[in-house]
Colleague: 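Take a look at this one; I'll ask things after.
On a predicted model such as this, the values are computed, not experimentally measured, just so you know.
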Amino acid sequence: MKKEVEKILQYVQKPARYIGGEVNSVMKEKSKVDIRYAFCFPDTYEIGMSHLGMKILYGLVNEREDAWCERVFAPDTDMEEQLRKNNIPLFALESGDYVKEFDLIGFTLQYELSYTNVLNMLDLSGIELLSSKRESLLPIIAVGGPCCCNPEPIADFVDIVFLGEGEESTNNVIDLLKYCKQNGLSKHEFLLKAKEIDGIYVPSLYKDEYNDDGTLKSLTPLEDAPSKVKKSIISDMNTVYYPDKFVVPYINIVHDRAVEEIFRGCIRGCRFCQAGFIYRPIREKSVETINSQCRALVDSTGYDEISLCSLSTSDHSDVNNMLNTLIDWTVGENINLSLPSLRVDNFSDELVEKLNKVRRSGLTFAPEAGTQRLRDVINKNVTEEEVIATCSKAFENGWTSVKLYFMMGLPTETMEDIKGIADLAMKVIHTFYNTSSSKKGTGVQVSVSCASFIPKPFTPFQWEPEDSMESLKEKQKYLLESVGSKKIKVSYHETPTSLLEGVLARGDRRLGKVILRAFELGCKFDSWDDKFKFDMWMQAFEENGIDPYFYTRRKREFSELLPWDHIDFGVSRKFLENENKKAHRNETTPHCRIHCSGCGANKLNGGKCDARG
């Protein structure tokens, strides 16, 4: 660590965020590596250190002798004040070297409201924000992550975009950058070669034009760039790289435990869920792989908790055998096994029996909507009877708290659907007191969490208008009035941040100047309610002559060219159109293990899909 950094740590609240040196962090001799990679997470240390993707790619790159990956997190406001006051550029944790000295600077974009933090981190690093003004080969600025399924709003700032899964494309980009660096090639020559790599999108090689009504007219590829850019995909989850150790932080982080990814993709097809479509097709790890990777992580980190990570843990085709295998040794070694993302429709007696053997915690389920009609619209394929039966089973086995996730502002939603949320929560309360095992005087707590629905790219609802802030506030108020018990605790999202997220999620390149102006006006940490500056964002829109509601309130026709139509995440546009039409007819689609609906995602994986288990 540089001495100038050491001097300012006494003035910040959590200096351990910035010192590095944690167990399992990787140190290398920089003179012996060819490519230095700054992996940046545009939020605080505690959030970034909880992110599995960063752990995977950090280990992957550092397996190479010719490359060194270091971590960089967004400094909190107290640290930023010290950096700017003392003219100290942003630095990486491992070496303490300044980010501007690295060859490749990559940002993972997990949520749209992190975009101003990306600009702030570049600015703190002393790096020009606009890619068109960065003429030299180094550093290359890259982004990846789920938000990159529509990277157009930030196209002005980045050189390359990683689409899909980065385990293979990351190494390919490092190989190319090493070659270009050693042979004196220009940045433009690098970009022309990068466009040939599977899963790499080069925004500067595409030209956008707009119709008189403001809709996108064309996004034309230049210099032989592909008209469609396909995401990168990993075929075999059993052989792909997975770290056998995680960096263990000095301070508490959001998810401070070992994490084992058990499969990618989802069989369900919930029409609101972007992750459920962009991570298709389904690819599972074997029980043997899961077990050995869990053991390695516990041994190398000392963690006493393992979280099984997927979009729906209980949908693993061999879930009972997997849990038996893990419980055989975790219980004896006092290792807690955490199973997030459980489904109410496969909460079996056998699963309950296994959960009873691990450390007890509250259960979380996601009905998503309060009435059956709306659950059919969103293709949740869960009935009220299944919700009640699952809660009853949990209460009979000793659980006394349940968290229920819902969405508000869904297409075709009415106030009757909002009241249905309160009614369902009340039925869960009654279920507790009707269970034979509930003891007199024992309390029950039902937490109802309502997220504001935001239409996202590559979902059947990508054409739908977003509910207005005014409407959402009315529904939130009505929900609170409909709740008739103090045993039901309701929480919901603030509406102004939902508006901005909706604009950025489905926006086009014209938003780049808005993001830049918002940053100049002081916007950053926009996902944090206490730091979000709604008025400054509205000023940025107004100064650039852009109406944010053009992107949120408007229903798009199927014939409209969408800003992400040149990107291929596997699921066909026709499939999404058909799912949208079925939603408006209140029709459901069975999940993949019941019937293959031909979404098309398997074509990116040689026709393979593990959906049938």
Colleague: Using 4.0 Å as the upper bound for N to carboxylate O, is an ion pair formed by D97 and K30?
Modeller: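 The answer is yes: the pair qualifies as a salt bridge.
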
Colleague: Going by distance alone, is a donor N or O of one side chain under 3.5 Å from an acceptor N or O of the other, for Y303 and D256?
Modeller: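 Yes, a side-chain donor-acceptor pair sits under 3.5 Å.
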
Colleague: Can you tell me which residue among R280, K231, R264 is in a salt bridge (charged side-chain N to carboxylate O under 4.0 Å, His left out) with E165?
Modeller: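 The residue from R280, K231, R264 that satisfies salt bridge (charged side-chain N to carboxylate O under 4.0 Å, His left out) with E165 turns out to be R264.
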
Colleague: Looking only at side-chain N and O atoms, does N120 offer a donor or acceptor that is under 3.5 Å from a partner on N117?
Modeller: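 There is no such pair between these side chains.
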
Colleague: For C391 versus V402, what's the shortest heavy-atom pair and its separation?
Modeller: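 Closest pair (atom of C391, atom of V402, distance): SG-CG1, 4.3 Å.
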
Colleague: Take atom NZ of K489 as the centre, draw a 6.0 Å sphere, and report whether it contains more than 12 heavy atoms from other residues, nucleotides or ligands.
Modeller: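 Open: at most 12 neighbouring heavy atoms sit under 6.0 Å from NZ of K489.
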
Colleague: Judged by modelled atom types alone, do N605 and S235 share a side-chain donor-acceptor pair under 3.5 Å?
Modeller: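 The criterion, which ignores hydrogens and geometry beyond distance, is satisfied for S235 and N605.
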
Colleague: Please determine if E386 and K393 form a salt bridge, counting it only when a charged side-chain N lies under 4.0 Å from a carboxylate O.
Modeller: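 Between K393 and E386 there is no salt bridge, as every charged N stays at least 4.0 Å from the carboxylate O atoms.
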
Colleague: Side chains of E94 and Y58 only: does a donor on one sit below 3.5 Å from an acceptor on the other?
Modeller: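 There is such a pair between these side chains.
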
Colleague: Would you please name every residue forming a side chain to side chain contact (heavy atoms under 4.5 Å, CB included) with E29, sequence neighbours left out?
Modeller: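 Residues passing side chain to side chain contact (heavy atoms under 4.5 Å, CB included) with E29: S31, K32.
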
Colleague: Give a yes or no on whether the ring-centroid distance for F569 and F458 is below 6.0 angstrom.
Modeller: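 Yes, close enough.
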
Colleague: Around atom NZ of K531, are there more than 12 heavy atoms from other residues, nucleotides or ligands closer than 6.0 Å?
Modeller: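 Yes, NZ of K531 has more than 12 neighbouring heavy atoms, counting only those of other groups under 6.0 Å.
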
Colleague: Check whether any side-chain heavy atom of L104 lies under 4.5 Å from a side-chain heavy atom of F102, and answer yes or no.
Modeller: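 Not touching, per the 4.5 Å side-chain cut-off.
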
Colleague: Taking atom types as modelled, is there a side-chain donor on K403 or Q445 under 3.5 Å from an acceptor on the other?
Modeller: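 The criterion, which ignores hydrogens and geometry beyond distance, is not satisfied for Q445 and K403.
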
Colleague: Is there a donor in the side chain of Y111 and an acceptor in the side chain of D43, or the other way round, less than 3.5 Å apart?
Modeller: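 Judged by distance alone, the side chains do pair up.
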
Colleague: Does some side-chain heavy atom of D304 sit less than 4.5 Å from a side-chain heavy atom of N334?
Modeller: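 No. Closest side-chain heavy atoms not under 4.5 Å.
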
Colleague: With a 3.5 Å distance limit and no angle check, can you tell me whether W68 reaches the backbone of V26 through a side-chain donor-acceptor pair?
Modeller: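 Checked: pair present.
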
Colleague: State whether a side-chain donor-acceptor pair under 3.5 Å links N171 with R64.
Modeller: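 Their side chains do contain a donor-acceptor pair, which is all the 3.5 Å distance test asks for.
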
Colleague: Is K285 positioned over the aromatic face of Y242, cation under 6.0 angstrom from the ring centre and no more than 45 degrees off axis?
Modeller: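 Cation-pi check for K285 and Y242: passes.
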
Colleague: Would you check if there is a donor-acceptor pair between the side chains of S114 and E112 at a distance under 3.5 Å?
Modeller: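 Checked: E112/S114 side chains show no N/O donor-acceptor pair below 3.5 Å.
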
Colleague: Measure the shortest side-chain to side-chain distance between L424 and F406 over non-hydrogen atoms and say whether it is less than 4.5 angstrom.
Modeller: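 Counting from C-beta outward, L424 and F406 do come under 4.5 Å.
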
Colleague: Considering only heavy atoms from C-beta outward, does the side chain of P243 approach that of N24 to under 4.5 Å?
Modeller: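 P243 does not reach N24 side chain to side chain.
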
Colleague: Could you tell me whether the side chains of D76 and T44 share a donor-acceptor contact shorter than 3.5 Å?
Modeller: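 Short answer, no.
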
Colleague: Before giving the answer on side-chain hydrogen bond (donor to acceptor under 3.5 Å, both in side chains), spell out for T589 and E579 the whole-Å C-alpha distance, their side-chain angles and the decisive distance to 0.1 Å.
Modeller: CA-CA 8 Å; T589 298; E579 284 295 294; 2.7 Å; yes

Colleague: Does the side chain of T588 come under 3.5 Å of the side chain of R375 through a donor N or O and an acceptor N or O?
Modeller: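 On atom types as modelled, these side chains do not qualify, holding no pair under 3.5 Å.
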
Colleague: Going by atom types only, do E284 and S317 share a side-chain donor-acceptor pair under 3.5 Å?
Modeller: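 Looking only at side-chain atoms, S317 and E284 do form a donor-acceptor pair, the distance falling under 3.5 Å.
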
Colleague: Can a donor-acceptor pair be found between the side chains of E261 and S310 at a distance below 3.5 Å?
Modeller: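 No pair is found: no donor N or O on one side chain lies under 3.5 Å from an acceptor on the other.
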
Colleague: Is there a donor in the side chain of T301 and an acceptor in the side chain of R257, or the other way round, less than 3.5 Å apart?
Modeller: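 Note: T301 and R257 side chains miss the donor-acceptor criterion.
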
Colleague: Using side-chain heavy atoms (C-beta onward) and a distance below 4.5 Å, is D526 in contact with K524?
Modeller: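 When only atoms from C-beta onward are counted, K524 and D526 do not touch, as no gap falls below 4.5 Å.
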
Colleague: I'd like to check the side chain to side chain contact (heavy atoms under 4.5 Å, CB included) partners of S292; sequence neighbours left out, ordered by chain and number.
Modeller: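 So S292 forms no side chain to side chain contact (heavy atoms under 4.5 Å, CB included) with any residue.
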
Colleague: D244 side chain to A296 main-chain N or O, any donor-acceptor pair under 3.5 Å?
Modeller: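 Not a single qualifying donor-acceptor pair exists.
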
Colleague: Looking only at atom types and distance, does a side-chain atom of K28 sit under 3.5 Å from a main-chain N or O of N62, one as donor and one as acceptor?
Modeller: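 Side chain of K28 to backbone of N62: a pair is present.
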
Colleague: Does a side-chain N-to-carboxylate-O contact under 4.0 Å join R36 and D103?
Modeller: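 Judged by the 4.0 Å cut-off on N to carboxylate O distance, R36 and D103 do not form a salt bridge.
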
Colleague: Is it true that, when you exclude K230 itself, more than 12 heavy atoms of the residues, nucleotides or ligands shown sit nearer than 6.0 Å to its NZ?
Modeller: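 No, the 6.0 Å shell around NZ holds no more than 12 heavy atoms from other groups.
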
Colleague: I want to know whether F453 and F461 have ring centres closer than 6.0 Å.
Modeller: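 Yes, ring centres under 6.0 Å apart.
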
Colleague: With a 4.5 Å cut-off on side-chain heavy atoms, are L93 and V72 touching?
Modeller: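 Not in contact.
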
Colleague: Tell me, yes or no, whether the heavy-atom count around D198 atom CG, taken from other residues, nucleotides or ligands under 6.0 Å, exceeds 12.
Modeller: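 At most 12 heavy atoms, drawn from other residues, nucleotides or ligands, come within 6.0 Å of this atom.
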
Colleague: Donor-acceptor pair, R283 side chain versus P281 backbone, under 3.5 Å?
Modeller: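 Checking the backbone N and O of P281 against the side chain of R283, a donor-acceptor pair under 3.5 Å is found.
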
Colleague: For the residue pair R71 and F39, would you count it as a cation-pi contact if the rule is NZ or CZ under 6.0 angstrom from the ring centre and within 45 degrees of the ring axis?
Modeller: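 Because its charged atom misses either the 6.0 Å distance or the 45° angle limit, R71 does not stack over F39.
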
Colleague: If only atom types and distance count, is the side chain of S50 paired as donor or acceptor with the main-chain N or O of E46 below 3.5 Å?
Modeller: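 Looks like yes, one N/O pair under 3.5 Å.
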
Colleague: State whether the side chain of N379 and the backbone N or O of C270 hold a donor-acceptor pair below 3.5 Å, judged by distance alone.
Modeller: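 A pair under 3.5 Å: no.
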
Colleague: Are I154 and L109 close enough that some pair of their side-chain heavy atoms sits under 4.5 Å apart?
Modeller: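 Yes, close enough: below the 4.5 Å cut-off.
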
Colleague: Are the ring centres of F73 and Y45 closer than 6.0 Å?
Modeller: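 Yes - the distance between ring centres of F73 and Y45 falls below the 6.0 Å cut-off.
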
Colleague: Are a donor atom and an acceptor atom from the side chains of Q462 and W564 found within less than 3.5 Å of each other?
Modeller: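 Yes - a donor-acceptor pair under 3.5 Å links their side chains.
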
Colleague: Are the side chains of R295 and W329 in touch, meaning some heavy atoms are under 4.5 Å apart?
Modeller: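 R295 vs W329: side chains touch.
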
